[in-house]
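Inspection log for the structure reproduced underneath, given as structure tokens.
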Amino acid sequence: MDYEVLNGLLRPKAIAIIGASAQEGKIGYTVVKNLIDSKYEGAIYPINPKTPEILGLKTYKSVLDVPGEVDAAVIVVPARFALRVTEECGKKGVKGLIVIASGFGEVGKHELESQMVETAHRYGMRVLGPNIVGILSNSDNNNASFAPFLPFPGKAALVSQSGALLIAMDASSYTRGVGFDKMISIGNMSDVNFGDMVDWLDNDENTFCISLYIEGLQDGRNFIRAAKEAGKPIIALKSGVSAHGAAAAASHTGSLAGSGKIYEAAFEQAGVVRAANLNNLFDRTLALSLQPPMHGENVMVITNGGGVGVLATDAAERYGIPLRFAPDDVQTELKKYMPEFGSAKNPADLTGMAGREWYEPSVKYAFAHPWVNGLVVLYCETAMTDPMDIAQGIKAAVDSTGIKDKPITVSFVGGEKCDAAMRWLVENGIPAYNAPDLAVNAMGALHEYAESRAQATTAYERYTDVDEAAARKIIEKVRAENRNMTEVESKDIFRAYGLPVADTRLATSEDEAVALAETIGYPVVLKIASPDILHKSDAGGVKVNIKTAEEVRAAYQEILKNAKAYKADADIHGIVIQEMAPWGTEVILGSVNDPTFGPSVMFGLGGIFVEILKDVTFRVAPISPAQAYKMLSEIKGAPILAGARGEAPRDREKLAEVLSRYAQMVVDLGDVIAESDANPVIVYEEGAGVNIVDARIILK
Ligand code: ACO
């Protein structure tokens with residue numbers, strides 16, 4: 001990212017509006033008016049070939065006629081003039097273009113769009129848009145957009161792929177009381193994309209939380225990198241989670257990957273907090289922009305009502321921060337601030353009698369207590385208490401502790417007085433919500449942020465005992481022969497990456513099959529080896545539990561017969577003889593080359609778990625064994641691996657290593673592997689390892 005150039009684009013000291021108009025109702029008029037109304041302090045240069053003056057400002061026929069320097073040019077002429085004005089801006093030394101004009105890639109005019117970017121780049125300019133609303137910045141008094149006004153001031157920055165949504169959020173930032181310093185519309189992302197924006201906003205002194213509305217990322221890996229490097233919370237609302245990659249997919253993994261699960265995984269890996277919907281984006285942005293992350297697991301709830309306390313308790317479980325009973329010393333102290341019939345456990349119910357004199361000391365004590373990692377304070381409006389008084393008590397209590405690295409969220413449930421008190425709290429840096437579950441959800445976001453940051457910043461180390469050259473040699477041979485890869489070849493590649501594959505050998509005659517079976521040791525499995533038969537069982541091409549030489553011969557003949565019946569012209573390499581893996585827990589590993597994120601891996605339990613329940617989890621590769629280990633706990637069937645119903649726990653440590661090595665394989669060979677899977681993989685008891693029974697690689 002060229003920081004200085006982006007600075008010129010996003011915090012310009014002088015702006016030209018190319019296509020400025022004196023005609024009210026035109027976008028070219030609105031942008032000039034907005035700049036004036038927002039009290040923009042830099043130079044404003046309206047560019048219009050016909051009109052001498054717009055809104056009292058002298059106009060210029062071309063940007064080239066402007067006497068001073070121009071940092072940013074807002075393009076509000078129709079798309080057909082884009083190349084010409086871009087060229088002129090380049091000659092003028094403009095740093096960046098804010099291309100509000102539509103009529104580019106979004107209507108199929110991709111060539112025009114890329115020509116505009118190429119021209120801009122030739123002059124070292126960056127392009128924001130096209131097809132955008134513009135940029136808004138409170139700290140710069142800059143409304144270079146056709147949104148109605150600057151947003152409700154605050155500490156967050158919104159970057160939105162949808163212009164209309166940005167305008168809507170701009171207006172509703174006031175009604176919701178969620179403050180933004182900046183709102184940036186990025187539209188078609190012809191040049192400046194989400195990764196650039198995260199990099200730039202991370203360096204922006206007025207941004208404390210980066211809020212994103214994403215329809216689709218272009219360079220997923222660059223986004224992950226930027227987000228991982230960012231020192232500020234990032235929250236994303238992702239829409240359009242559809243099966244974009246699924247249609248072309250040839251495997252289980254492919255069809256499961258299309259469901260947006262890779263986005264979910266990528267956000268988690270990048271330390272990006274998710275928003276479930278638009279309301280949630282506002283709510284979580286408020287918390288992340290005002291409060292520090294919640295490190296640790298202990299949330300304490302203080303309330304004056306049992307009902308809201310129970311609602312908060314339910315929500316805590318839903319949002320990954322289940323409540324635990326407070327330790328004895330906390331309970332003993334809090335009991336001082338409630339009547340006999342109160343409860344100090346957690347939630348601590350001060351009861352409906354509680355006023356500021358009980359709220360304030362209990363909040364102060366709980367917030368300062370080392371056991372408490374995050375505090376949620378609830379209040380229901382009563383006739384004996386004043387919401388503002390309670391709010392001020394909470395704020396005074398928090399301030400008196402001097403603690404700045406622990407979060408607090410609040411919910412006041414009641415009428416207008418509660419709303420006013422919550423506004424006051426927000427103005428004073430404490431996020432407040434009108435329902436208990438929202439305050440808990442906000443705390444959940446602060447916890448999610450801490451957790452995913454920790455994961456995002458764990459180190460990754462490559463395995464060095466791998467033989468990429470050997471793997472590539474096999475791939476080259478298969479490509480030269482223009483055919484599918486066989487099971488034995490796939491397994492050889494897996495083996496080159498140190499993956500434990502079942503002993504599998506190719507026999508080209510009945511006698512050889514018997515000899516190999518005897519070397520491997522009975523019982524064995526016989527499988528058809530043909531690049532034309534990928535679904536071997538469907539073709540009657542698999543015989544298991546073969547125990548004698550006679551059975552080997554019979555199975556050999558039968559498989560050949562079945563294969564020929566299934567596909568008469570199949571290219572049959574022979575029959576594979578494989579050790580019969582003892583029973584264990586079946587799992588599946590898979591990989592896809594995602595259009596947005598590149599090589600990504602999937603993990604799930606085998607059989608019905610993957611096929612019917614779709615109980616799988618993804619990561620963008622590569623992943624460390626620690627990240628792989630976390631994947632094992634993410635699926636619903638995780639207890640099966642942990643040792644459910646009296647079964648011994650499975651060898652999760654080895655499985656995590658296998659998953660991590662597998663991810664390295666699909667990244668290293670990402671230029672040639674389209675999809676792959678290992679299915680089934682048998683996992684044995686702790687210490688007894690993992691056996692990859694079947695493996696398949698599909699080349700691009
Ligand atoms: N240099 C400077 N000014 C020029 C030039 C030039 N080379 N050529 C023309 N102009 C002037 C025009 O004379 C006109 O000024 P005038 O009013 O004095 O005559 C002005 O530039 C604008 O040109 P028009 O042809 O009148 O174009 P109009 O204003 O109707 O539309 C616009 C231009 C707004 C860029 C339009 O083409 C467009 O793309 N609209 C969509 C914008 C949009 O919605 N963006 C996406 C936002 S996201 C969302 O959906 C909310």
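When a ligand or atom number is given, it counts from 1 through the structure's own listing order.
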Can a salt bridge be assigned to the pair Glu215 and Lys238 using a cut-off of 4.0 Å between side-chain N and carboxylate O?
no
Under a 4.5 Å cut-off applied to non-hydrogen side-chain atoms, are Gln161 and Phe194 in contact?
yes
Quick check for students: name every N or O atom pair between ligand 1 and the protein closer than 3.5 Å, with distances.
unit_1   : atom_1 : unit_2 : atom_2 : d
ligand 1 : 7 (N)  : Arg84  : NH2    : 3.4
ligand 1 : 13 (O) : Lys50  : NZ     : 3.3
ligand 1 : 15 (O) : Asn48  : ND2    : 3.1
ligand 1 : 17 (O) : Ser21  : OG     : 2.7
ligand 1 : 17 (O) : Lys26  : NZ     : 2.8
ligand 1 : 18 (O) : Asn48  : ND2    : 2.8
ligand 1 : 19 (O) : Lys50  : NZ     : 3.1
ligand 1 : 26 (O) : Lys26  : NZ     : 2.5
ligand 1 : 39 (O) : Ser102 : N      : 2.7
ligand 1 : 45 (N) : Ile100 : O      : 3.0
ligand 1 : 45 (N) : Ser102 : OG     : 3.1

Which residue pairs pass the salt bridge (Lys or Arg N to Asp or Glu O under 4.0 Å) test with at least one member in residues 100-124, sequence neighbours excluded?
Glu87-Arg122
Taking side-chain hydrogen bond (donor to acceptor under 3.5 Å, both in side chains) as the test, write out the residues that go with Gln269, two or more places apart.
none
Is it the case that Lys33 places NZ or CZ above or below the six-membered ring of Tyr29, under 6.0 angstrom from the centre and within 45 degrees of the axis?
no
Sequence neighbours left out, what passes ring pair (Phe, Tyr, Trp, His ring centres under 6.0 Å) with Phe152? Give chain and number order.
Tyr174
